[in-house]
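The structure appears right after this line, and notes come after that.
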Amino acid sequence: MIKFFLMVNKQGQTRLSRYYEHVEINKRTILEAEVIKNCLSRSKDQCSFIEYKDFRLVYRQYAALFVVVGINETENEMAVYELIHNFVEVLDKYFSRV
Amino acid sequence: MPAPIRLRELIRTIRTARTQAEEREMIQKECAAIRSSFREEDNTYRCRNVAKLLYMHMLGYPAHFGQLECLKLIASQKFTDKRIGYLGAMLLLDERQDVHLLMTNCIKNDLNHSTQYVQGLALCTLGCMGSSEMCRDLAGEVEKLLKTSNSYLRKKAALCAVHVIRKVPELMEMFLPATKNLLNEKNHGVLHTSVVLLTEMCERSPDMLAHFRKVKNLSSSQLVPQLVRILKNLIMSGYSPEHDVSGISDPFLQVRILRLLRILGRNDDDSSEAMNDILAQVATNTETSKNVGNAILYETVLTIMDIKSESGLRVLAINILGRFLLNNDKNIRYVALTSLLKTVQTDHNAVQRHRSTIVDCLKDLDVSIKRRAMELSFALVNGNNVRGMMKELLYFLDSCEPEFKADCASGIFLAAEKYAPSKRWHIDTIMRVLTTAGSYVRDDAVPNLIQLITNSVEMHAYTVQRLYKAILGDYSQQPLVQVASWCIGEYGDLLVSGQCEEEEPIQVTEDEVLDILESVLISNMSASVTRGYALTAIMKLSTRFTCTVNRIKKVVSIYGSSIDVELQQRAVEYNALFKKYDHMRPALLERMPVMEKVTTNGPTEIVQTNGETEPAVLETKPPPPGLQPATQANDLLDLLGGSDITPVIPTAPTSKPPSAGGELLDLLGDLNLTGSPVSAPAPQIAQPPFLLDGLSPQPLFNDIAAGIPSITAYNKNGLKIDFTFERSNTNPSITVITIQASNSTELDMTDFVFQAAVPKTFQLQLLSPSSSVIPAFNSGTITQVIKVLNPQKQQLRMRIKLTYNHKGSAMQDLAEVNNFPPQSWQ
């Protein structure tokens with residue numbers, strides 16, 4: 001199950017966030033900061049799945065923007081990876097010049 | 001009031017802020033504007049304001065005052081208002097707020113609206129944040145919409161049904177008839193959501209699962225064949241622009257179907273058989289050049305592993321995973337390692353074939369991959385490959401990140417224990433781990449290793465030689481030094497005599513050995529525990545070595561005034577051993593017997609004795625010559641070991657350094673001694689928790705047995721001490737004595753200290769006295785409570801010592817109390 005879907009830029013500013021489980025509002029900012037810290041410290045040739053607390057993060061970088069999805073164990077990580085790409089493509093088609 | 005700014009401008013303004021404080025200021029200003037606008041009940045701009053509020057909420061600022069506004073928007077007739085209102089409801093409201101129940105009526109009306117988009121909005125919101133009451137009320141509407149022919153609504157209704165089932169599992173049966181026709185749709189959206197709904201039902205309820213496996217649907221085909229058919233169409237059909245992702249047709253749907261097949265096929269032979277063909281087909285036909293194909297293959301492999309597939313299929317799956325491992329893409333390798341870890345229990349041999357690739361992954365740069373490879377390698381170690389694997393793992397231990405070292409070291413120990421081909425190899429391996437990752441080794445490794453060493457009798461000389469050489473160079477790694485000091489202490493004579501069959505014997509003199517142990521003691525790098533080990537080792541050598549006994553005596557006496565309490569106590573006790581009990585020294589410091597494997601590191605049992613009734617005297621530190629200090633008496637008791645000592649307190653006292661005491665007890669175990677024991681003191685006030693283990697927690701003073709006469713225990717020089725007794729009915733082995741000290745002279749007695757000691761079969765606990773001054777002329781008393789545990793119901797005897805200042809001089813007296821009434825101990 002997807003727990004949350006985030007789009008965060010390199011400076012740590014949240015551009016989009018959607019939580020599918022209730023998380024306190026102050027915890028959200030902390031969570032986002034930690035998540036982006038984890039993603040920024042990875043290099044290009046490391047794999048895109050990180051284990052963070054009790055869920056997994058699947059992230060993908062597009063220029064200066066990180067799309068991060070938090071999932072639990074039942075999901076197929078690679079399918080979610082594809083989903084992120086699909087989402088970005090849809091946005092691209094719809095809004096052109098993303 | 002000017003028109004409020006639009007959302008876009010707000011976003012632009014916020015983005016110009018350069019610091020966090022600036023941003024906060026802007027947002028607060030805007031929030032204030034929004035709040036005043038809400039107060040004015042302005043209908044035209046409400047939608048805009050709520051949109052801005054939602055954006056600010058997303059950035060992390062509180063926005064709860066907008067909740068009611070969302071409700072007003074939902075109730076409005078305009079579509080744009082409804083849209084923002086429902087979005088706001090999804091983001092801001094959940095079942096914790098009471099306001100959400102007001103929405104139920106609105107949603108109900110909107111579910112029956114004429115426009116499908118409005119119905120869609122309502123379904124979305126209900127499926128997102130509906131509470132159980134709302135779901136119960138509206139489930140009927142959702143079910144109706146599930147049967148409609150409009151595919152836009154059908155797919156939303158299916159997802160809403162998933163949420164309803166999650167919140168209120170009892171309603172599952174209600175949706176069952178509607179599911180019959182769901183899979184007949186052409187629209188992929190509906191197909192996808194229906195598969196999700198079916199998956200959710202099957203996961204939640206085993207009855208549903210059984211139902212779906214067996215019962216024929218109205219459209220005369222069972223579920224599994226239906227799914228298989230759909231999957232086949234997806235794979236076989238040509239290019240369909242609507243559903244294409246990198247050349248594969250709707251991979252998301254394929255993955256979902258595969259997962260549902262997995263659930264249906266688990267533990268069920270018939271369903272598994274029906275799926276075999278299609279799984280093989282998917283596995284062979286899917287293109288693996290892109291990530292999409294690999295995602296589908298991954299899901300297929302997981303499914304094959306889970307259902308009761310035939311062995312050919314399983315081998316195919318493992319080969320796919322093996323191929324993944326060789327792929328350059330990190331994600332795929334990670335995924336492969338994870339799945340192999342899951343399957344290694346069941347298909348051990350097949351995974352063994354890929355062992356070399358897995359071991360190569362240990363050298364990968366990526367942290368997640370390394371961790372998986374390490375876990376998998378440990379799972380793959382067996383009797384045949386242990387030497388090779390261990391070499392690789394030791395190399396990995398050398399070069400890996402610190403966060404892995406502890407796990408790796410423990411894993412190596414476990415594997416070595418299970419599969420060691422020879423004792424020498426085992427000891428070598430452990431030594432290698434200690435020297436490379438010594439500081440990360442877990443604490444329980446040290447006693448385990450020591451136990452292992454004592455068990456391999458023939459290797460003693462070899463072991464001690466190697467350990468000696470290891471710490472000659474570097475004594476900073478604590479576990480290594482601890483083990484080495486222990487061994488040198490035990491087998492120092494073997495080291496010096498130079499007999500070692502396995503290796504070149506080295507020439508070591510007694511002085512060199514003492515040099516190294518002393519440097520351990522002095523070094524800043526040694527922990528307190530390590531120093532304790534070293535001191536004990538030096539002491540043991542006094543019986544093994546012949547010409548350096550004086551040096552040992554000197555070292556031991558130096559540490560008698562060490563600041564570290566543990567060291568000081570040990571040194572003093574050993575000193576006493578030299579001085580007063582020299583005849584006992586050889587017996588005490590004998591070689592250790594082979595130890596039983598201690599599986600837990602918990603407190604050892606209380607050793608009961610039928611000892612002498614020679615009473616012990618209580619002391620505070622520093623001790624007078626010849627008598628041991630009372631605090632941490634356990635150490636000495638441990639040294640003396642086994643029988644003939646008073647009951648040992650369980651070895652986890654708070655006053656001790658964490659591991660030393662426990663380990664010493666474990667090590668020294670049941671050492672059997674001859675000779676008269678050193679008098680062992682009764683425990684002092686500093687260790688209350690353990691005595692109380694045997695005592696009942698209820699207040700003892702409430703249930704007093706029939707009155708026990710009180711006695712005068714001491715009456716001399718104007719000081720009178722009375723004992724009054726109480727015994728608990730619930731725990732008759734406890735006697736509570738209250739002493740009252742009174743002073744009949746004309747001057748006060750100050751700094752009064754009462755101490756007591758009992759024979760070995762008793763345990764004593766002194767609580768704090770009411771004061772330390774006894775006023776003159778019997779005008780007041782000091783009360784103090786003593787609790788005596790007398791499990792063997794022996795006659796109570798007590799020796800007391802009193803110290804106080806009177807008339808300007810210090811007085812002290814010893815007395816024995818024998819006149820305890822029989823009711824106090826029988």
Side-chain angles (χ1 to χ4, degrees), chain A residues 1-2 4-9 11-33 38-39 41-52 56-60 71 73-90 93, chain B residues 11 14-15 17 20 23 55 57-64 90-92 94-96 128-129 163 166 199-200 203 245-246 248 251-256 258-259 290-300 302 324 328-335 337-338 364-369 371-372:
Chain A
M1 221 183 87
I2 296 187
F4 55 82
F5 190 102
L6 295 175
M7 283 172 69
V8 190
N9 79 352
Q11 279 82 37
Q13 293 175 318
T14 312
R15 295 298 187 215
L16 173 70
S17 81
R18 180 76 160 108
Y19 288 83
Y20 294 98
E21 251 187 359
H22 183 78
V23 178
E24 299 288 335
I25 199 160
N26 47 352
K27 295 219 184 83
R28 287 187 193 188
T29 26
I30 303 175
L31 179 73
E32 282 156 28
N38 271 334
C39 296
S41 54
R42 313 271 289 178
S43 72
K44 261 251 162 41
D45 39 334
Q46 286 184 310
C47 84
S48 312
F49 313 131
I50 310 175
E51 284 178 35
Y52 172 75
R56 308 202 186 149
L57 300 173
V58 182
Y59 74 94
R60 236 182 140 146
I71 56 176
E73 302 78 43
T74 50
E75 283 286 331
N76 180 340
E77 293 106 336
M78 305 188 64
V80 174
Y81 192 72
E82 276 308 305
L83 180 68
I84 296 179
H85 194 67
N86 201 359
F87 178 72
V88 172
E89 278 181 1
V90 165
K93 280 251 168 61
Chain B
I11 298 181
I14 291 182
R15 291 218 180 158
Q20 186 73 304
E23 182 183 299
Y55 180 72
H57 173 83
M58 197 173 77
L59 288 182
Y61 298 92
H64 39 270
M90 276 194 268
L91 289 180
L92 296 178
D94 56 41
E95 34 190 43
R96 281 157 238 249
C128 194
M129 44 71 68
H163 180 86
R166 281 193 187 141
T199 313
E200 187 71 25
E203 271 176 356
V245 178
S246 311
I248 298 188
F252 303 110
L253 181 57
Q254 290 188 33
V255 165
R256 284 271 174 209
L258 285 167
R259 191 171 311 150
K290 295 271 179 59
N291 187 46
V292 200
N294 288 326
I296 298 182
L297 277 179
Y298 176 44
E299 194 73 30
T300 317
L302 288 177
F324 275 359
N328 283 332
D329 188 358
K330 301 281 183 258
N331 295 337
I332 297 179
R333 275 204 266 173
Y334 173 84
V335 149
L337 286 173
T338 317
D364 198 290
L365 290 166
D366 184 303
V367 171
S368 323
I369 291 187
R371 179 175 285 282
R372 286 276 177 272

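Here is how names work: the chains are called A, B, and so on, in the same order as the sequence lines, proteins then strands, and each is numbered from 1. The model shown is predicted, which means the values in this text are computed figures rather than measured ones.
- Within the model, atoms CD of A/Gln13 and CD of B/Glu23 stand 6.5 Å from one another, a figure rounded to the nearest 0.5 Å.
- Atom CG of B/Asn294 is separated from atom OH of A/Tyr81 by 11.5 Å, given to the nearest 0.5 angstrom.
- For chain B, no part of A/Gln11 is nearby; none of its heavy atoms comes within less than 4.5 Å.
- Atom CG of B/Asn328 has 12 or fewer heavy atoms from other residues, nucleotides or ligands within 6.0 Å.
- Heavy-atom distances place the side chain of B/Arg259, and not its backbone, under 4.5 Å from chain A.
- Proximity to chain A (any heavy atom under 4.5 Å) is shown, for B/Arg371, by neither the backbone nor the side chain.
- Distance CE/A/Met78 to CG/B/Asn331: 6.0 Å, rounded to 0.5 Å.
- Closest non-hydrogen pair, A/Arg15 versus B/Met58, comes out as O-CE, 3.0 Å.
- The side-chain heavy atoms of B/Thr338 and A/Phe49, taken from C-beta on, include no pair separated by under 4.5 Å.
- The closest donor-acceptor contact from the side chain of A/Asn76 to the backbone of B/Ala295 lies under 3.5 Å.
- Contact between B/Gly60 and A/Thr29 at its shortest, heavy atoms only, is CA-CG2, 4.5 Å.
- Screening residues 81-90 of chain A for salt bridge (charged side-chain N to carboxylate O under 4.0 Å, His left out), with sequence neighbours left out, gives no hits.
- Taken to the nearest 0.5 Å, the OG atom of A/Ser17 stands 8.0 Å off from the CG atom of B/Leu91.
- Contact annotation for A/Asn26: neither backbone nor side-chain heavy atoms come within less than 4.5 Å of a heavy atom of chain B.
- Between the OH atom in A/Tyr20 and the CE atom in B/Met129 there is a gap of 15.0 Å [rounded to 0.5 Å].
- In this structure, chain A has heavy atoms under 4.5 Å from both the backbone and the side chain of B/Val292.
- Every salt bridge (charged side-chain N to carboxylate O under 4.0 Å, His left out) that A/Glu77 has, sequence neighbours left out, goes to A/Arg56.
- The OH atom of B/Tyr61 lies 10.5 Å from the CD1 atom of A/Ile25; values are rounded to the nearest 0.5 Å.
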